[in-house]
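One structure is given here, and the rest of the page talks about it.
Whatever order the structure lists ligands and atoms in, that order sets their numbers, starting from 1. Computed from heavy atoms alone, side chains included, the values below leave out hydrogens, waters and symmetry copies. Residue numbers count from 1 along this sequence.
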Amino acid sequence: MRRLQCGHPLNVFPLGNAFLDDSAQQRRSQGLGNLQRLGDERLLQLLRWLDVSSLGRCCQCSCMMRGFAAAEELWQPLVMNQVLAAAGSENCCRDGFNGFSWKGRTWREAFLRSRSGPPPPRTARTPRIYSDVLYRGFFYAATELNPSWLSTETIQRVSHDISPHDFLERFEQQSCPVIVEGCVKHWPAMHWSRDTLVSRFGAVPFAAGAADFPLELWYDYAQSNTDDVPLFIFDKYFASRAPELLKDYEVPKIFHGRDLFNFLGEQRPDFRWLLIGFRRSGSKWHLDPNKTCAWNAVVRGRKRWLLLPPGCPPPGVHPSKDGAEVTQPVSLLEWFSNFYEELQRHVEANPAWELKEGTCGAGDLVFIPSGWWHCVLNLDDDTIAVTQNYASETHVSSVRRFLSERRDQVSHAALCASSRLSWQGYQAESWNMDIR
Ligand SMILES: O=C(O)CCC(=O)C(=O)O
C-alpha cells in the first residue's frame, strides 16, 4: 500500500472505526451542524457547487467540515477548470497556466501554493473523521498492484518479422489479439522520454483528462500526485500540436494499406493518439470507436493488457443498451481489486470467454481486433505509446453499419455532420442503402 503507511492526510478513517470511538458522533454533529443530516455522499455533492474561495472558507469552519471541503475530488475539477479556462490564452506559458504550477502532492496544495505560497502548518491535532466516502479514493490511491494481476500471459506473441500476409490470415481475419515483439524497435520514437520530450515540447499543451496541460506541467503533476485515478496524456491532436513527433514513427508494415478510412481524407474519424502515463494510470474497460481495429506500440515502459471477445463485457462493467455509455468502478485499481478474481472464475466456468492477458514492453506492439473489450494499466512511470485505429477490409461491414446507425457516436464531428461522405468507390447514399 503506497500511502497507507503515513495515513490519510486529513485523518480520515473507514466508517467502521467509528464504533470504537465514543465521541465520534458528537464530533460529527458539532463539526457539521445540520449538514450532517445530508449524509456524506450528498454533502460532497452540495460542495461541488462551490467555487474555490467558498470551498476554502468551508475548510476553515471546523475540522470535520475541512475533511469534506478539502477532498481532492472537489479540488481536481475546480483547479482543472481554471487550467482549462486558461488554455490557449496568452498566459499559457512554460511555467504553466496563469502562474499555476504543480508544487506539492495534491490539487488543493498545488493551487494554494501557486496562489499564495505554502499553506501554514496546522498546529492543532486533527481529530479523526470516519467516512467510507472520503476514505475510498485514498484507499485505492494507496493500493499497490498485486503481482497475481500481472503474472498470466495468454496473448499470443510473434516476432517482428511476421509477414503482412501471415498477420492478416492468422490474426486480423481470425479476430485474434497478438503482441508483435520488437515491431517498433527501430523507431526514433524509442528515444522519447520525459527529458527528451520536455526539452522539445515542454510548453506545448497536451490533453490529459478534461484539460490541456503544457507537457512540463503535466510531468510535474504525474511525478508527485496522489490521485486514485491519475490523469494521463491521451491526445488525439498531437500531430497538429507537435508535428515533429510524426517524423519519429511510421505505420508498421503489417498495417500498410489496411486502413480504409484513409480514403476519407480530412473527414476520417479520429484515429491516432499519443499516450503518456505513469505507473497505475491507464484506460478503463472500453470498446474502440467506430468498430475499428487498433494497434498500440509502446516506446517506453510497459503496459498490461486485458482483452475480452466481443459480447463479453467484464464483471463490474455495465454498458448501456446502445453501447454508448459504460458504467464501471471509478478507478482501474478499484476494478482490479474487486473484480479481477471474479473475472478469472467466470472465465474458468465459461470457455467462450477467452480472456487474453499480457504485458507489452518497449518496442512491442499489441493488435486489438474490432469489437474486443480491453483495459490497459501502465506499469512504469513515463510509459509512452502511440496508438492508431483503422477500418480494415476484414471488418468493413460492421464499420459501415456502425457509421450509419450510430452517427451520434462516431468519434469525429465532421464525419457526423456530413451527409455526403465519399470514400473512394463508395458514395454516401449507397453506404447507407447497403445496410438497410
Ligand atoms: O494505452 C492505453 O492506455 C490504451 C489505449 C486504448 O485502449 C485505446 O486507445 O483504445
Inset, instruction - Take Trp107 and Trp102 through the test ring pair (Phe, Tyr, Trp, His ring centres under 6.0 Å) and record every step on the way to the result. - result: CA-CA 8 Å; Trp107 288 90; Trp102 187 270; 4.9 Å; yes
[X] N/O under 3.5 Å from ligand 1 N/O:
| X | value |
| --- | --- |
| Trp305 | no |
| Thr387 | no |
| Asn389 | no |

Per-atom contacts, ligand 1 versus [X] - under 4.0 Å to a heavy atom:
| X | answer |
| --- | --- |
| Lys303 | 1 (O), 2 (C), 3 (O) |
| His286 | 6 (C), 7 (O), 8 (C), 10 (O) |
| Leu275 | 1 (O), 2 (C), 3 (O) |
| Asp288 | 8 (C), 10 (O) |

Would you please indicate yes or no on a ring centroid separation below 6.0 angstrom for [Y] and [X]?
| X | Y | result |
| --- | --- | --- |
| Trp149 | Trp335 | no |
| Tyr390 | Phe261 | no |
| Phe167 | Phe367 | yes |

Legend entry - Donor on one side chain, acceptor on other, Arg105 and Ser224, under 3.5 Å: no
Legend entry - Region of Asn296 that comes within reach of ligand 1 [heavy atoms, distance under 4.0 Å]: side chain
Inset, instruction - Examine the proximity of ligand 1 to Trp273 and report which part, side chain or backbone, both or neither, has a heavy atom under 4.0 Å away. - result: neither
Legend entry - Test: Arg268 cationic atom under 6.0 Å from Phe271 six-membered ring centre, within 45° of axis: yes
Inset, instruction - Would you tell me which option among Cys360, Ala385, Gly277, Ser283 has the nearest heavy-atom contact to atom 2 (C) of ligand 1? - result: Ser283
Inset, instruction - List the steps, then state whether ring pair (Phe, Tyr, Trp, His ring centres under 6.0 Å) holds for Phe232 with Phe234. - result: CA-CA 6 Å; Phe232 65 106; Phe234 200 132; 5.7 Å; yes
Inset, instruction - Check the surroundings of atom NZ in Lys291: do more than 12 heavy atoms from other residues, nucleotides or ligands lie under 6.0 Å from it? - result: no
Legend entry - atom 9 (O) of ligand 1 [closest protein heavy-atom partner, distance rounded to 0.1 Å]: Phe234 CZ, 3.4 Å
